Amino acid sequence: MNYRHEFHAGNFADVVKHVTLSRIIAHLRAKPGAFRVIDTHAGAGLYDLAGPQASRTNEWRDGIARLLGADLTTEVRELLSPYLDAVAAYNPAGTLTLTRYPGSPMLVRAWLRPADRLIACELEPAAAAALAANLTGRRAKALTIDGWTAASAYVPPKERRGLVLIDPPFEAADDFTQLAAALNEAWRKWATGIYLLWYPIKDRLGPDALAKRLAKLRIGKILRAEVLVTRPTDPSRLNGCGLIIVNPPWKLEAELAVLLPALVACLQQGSGSFRLEWLARES
């Protein structure tokens, strides 16, 4: 896929991923105990939408820009408010103009309480340097380390509560296989943690093979959420994206049942659709 995120920042896949991330963090914040977030493939952290890369593709105009201009119900807007407020905080106050888009580490940092912590990992040199410059402060730490190694290297955290976000660039042919293997290794060390895995949908082969692998791992609670902005008839393009949520907060399924159809209505580029189902569910 050769996914250089500066070309794609703020696109529909970012919106779907970050909206879900915001709801998970909201549920973690609802309890007083501290939590930790481990972002395994963090990227640069902050992206210039007027820069040469984002301007070349303008994918954000069919992503976050559409969401900001959408006619949303009160319920949907309330669920989106932590995400939209965080995005707004990185842009000029009092205007609807977007100049920057925050990646997952900058969004998470905006939602941390004083006792909460973030570890953000990035190996690519330029992105790692940008991440270190963007992610300052005592509550967050940027590490130059391979994300696949990081997925299990920092669990369980001392806080005993938290989230592992695994969002690889899908540059290698075996990334779907690695995604399942990384989850399995981390979950065996920290079975009570929340895991959020992102994957692209160009066709059904990779996503459906991933689902079959996950079903064999005997992990108790796995929720799958997918958004297609168009039918996956052209495997050369990004037609949608999916999320695997292990140990989802108990209200998350109901929230996604409200959010996903609203996101499809806003972001679709033809015949959009969504899927929300349990791949594994403890009785």
Side-chain angles (χ1 to χ4, degrees), residues 1-25 37-45 47 59-60 63-64 83 101-108 118 120-124 127 146-148 150-151 162-184 186-187 193-211 213-214 219 222-229 232 237-248 252 256 259-260 263-264 267 274-277 279:
M1 189 171 178
N2 194 23
Y3 196 88
R4 291 182 59 189
H5 200 71
E6 56 266 33
F7 288 96
H8 312 287
N11 70 356
F12 78 85
D14 262 0
V15 170
V16 173
K17 174 178 60 182
H18 292 152
V19 164
T20 306
L21 175 64
S22 75
R23 298 314 309 159
I24 293 174
I25 300 296
V37 177
I38 300 161
D39 189 343
T40 65
H41 297 78
Y47 302 95
E59 289 187 16
W60 63 275
I64 182 59
Y83 166 60
Y101 186 81
S104 53
M106 305 303 284
L107 289 170
V108 169
L118 164 66
C121 308
E122 178 56 50
L123 186 62
E124 196 281 318
D146 175 62
W148 297 118
L163 167 70
V164 179
L165 170 61
I166 307 178
D167 175 24
F170 282 87
E171 294 175 329
D174 65 344
D175 272 355
F176 276 103
T177 303
Q178 275 199 284
L179 196 59
L183 172 61
N184 187 39
W187 181 81
I194 302 171
Y195 296 84
L196 178 62
L197 285 60
W198 178 91
Y199 57 88
I201 302 176
K202 303 178 82 175
D203 54 40
R204 292 301 330 171
L205 295 178
D208 290 346
L210 174 64
R213 291 188 188 98
L214 295 178
I219 295 173
I222 306 177
L223 184 64
R224 172 165 69 171
E226 292 185 344
V227 166
L228 287 169
V229 295
R237 60 165 288 175
L238 184 65
N239 298 298
C241 67
L243 297 166
I244 299 293
I245 309 114
V246 174
N247 297 326
L252 184 65
L256 291 178
L259 287 167
L260 294 184
L263 292 176
V264 169
L267 302 173
F274 74 93
R275 175 187 298 193
L276 182 63
E277 64 183 356
L279 297 180

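Positions are given from 1, in the same order as the sequence printed here. All values below were derived from every heavy atom in this structure, side-chain atoms included, with hydrogens, water molecules and symmetry-related copies excluded. Predicted model only: the values in this text are computed from it and were never measured.
In this structure, Ile24 and Ile245 have side chains that are in contact, with non-hydrogen atoms separated by less than 4.5 Å. Using a 4.5 Å heavy-atom cutoff, the side chains of Cys241 and Tyr199 are not in contact. Counting only heavy atoms from C-beta outward, the side chains of Val229 and Asn239 never approach each other to under 4.5 Å. Taking the side chain as every heavy atom from C-beta outward, Asp14 and Phe12 never approach each other to under 4.5 Å. Residues Asp175 and Trp148 are in side-chain contact: their nearest non-hydrogen atoms beyond the backbone lie under 4.5 Å apart. You'll find the side chain of Leu223 reaches within 4.5 Å of the side chain of Leu256, heavy atoms only. Using a 4.5 Å heavy-atom cutoff, the side chains of Ile25 and Arg23 are not in contact. Here the side chains of Trp60 and Tyr47 are not in contact, with every heavy-atom distance at 4.5 Å or above.
Across Pro105 and Asp39, no two heavy atoms sit closer than the pair CD-OD2, 3.4 Å. Taking each heavy atom of Asp203 and Pro232 in turn, the nearest pair found is CA-CB, 4.3 Å. Of all non-hydrogen atoms in Leu21 and Ser104, the two that sit nearest each other are CD2-CB, 4.0 Å. Looking at every heavy atom in both residues, Leu214 comes nearest to Ile222 through O-CD1, 3.9 Å. Closest of all the heavy-atom pairs between Asp167 and His41 is O-CB, 3.1 Å. The shortest heavy-atom contact between Leu267 and Gly63 is CD2-O, 3.5 Å.
Checking Tyr101 against His8 by side-chain atom types alone, no donor-acceptor pair falls below 3.5 Å.
The distance from the CG atom of Leu238 to the CD atom of Glu59 is 7.5 Å, given to the nearest 0.5 Å. Taken to the nearest 0.5 Å, the CD1 atom of Ile194 stands 6.0 Å off from the CG atom of Leu163. Taken from CD1 in Ile219 to CH2 in Trp187, the straight-line distance is 5.5 Å, to the nearest 0.5 Å.
Checking side-chain atoms of Asn247 against main-chain N and O of Gly193 turns up a donor-acceptor pair under 3.5 Å. The closest donor-acceptor contact from the side chain of Glu226 to the backbone of Arg275 lies at 3.5 Å or more, if one exists at all. A donor-acceptor contact shorter than 3.5 Å is absent between the side chain of Thr40 and the backbone of Ala151. With hydrogens and angles disregarded, no donor-acceptor distance shorter than 3.5 Å links the side chain of Tyr195 to the backbone of Ile166. Between the side chain of Gln178 and the main chain of Ala180, no donor-acceptor pair closer than 3.5 Å is present.
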Evaluate the side-chain contact (heavy atoms from CB on, under 4.5 Å) criterion for residues Leu196 and Leu243: first the C-alpha distance (whole Å), next the side-chain angles of each, then the deciding distance (0.1 Å), finally the verdict. CA-CA 7 Å; Leu196 178 62; Leu243 297 166; 4.0 Å; yes
Where do Ile244 and Leu279 land on the side-chain contact (heavy atoms from CB on, under 4.5 Å) test, with the steps shown first? CA-CA 9 Å; Ile244 299 293; Leu279 297 180; 3.8 Å; yes
Could you walk me through whether Leu165 and Trp198 satisfy the side-chain contact (heavy atoms from CB on, under 4.5 Å) test, starting with their C-alpha distance in whole Å, then the side-chain angles of each, then the deciding distance to 0.1 Å, before giving a yes or no? CA-CA 8 Å; Leu165 170 61; Trp198 178 91; 5.6 Å; no
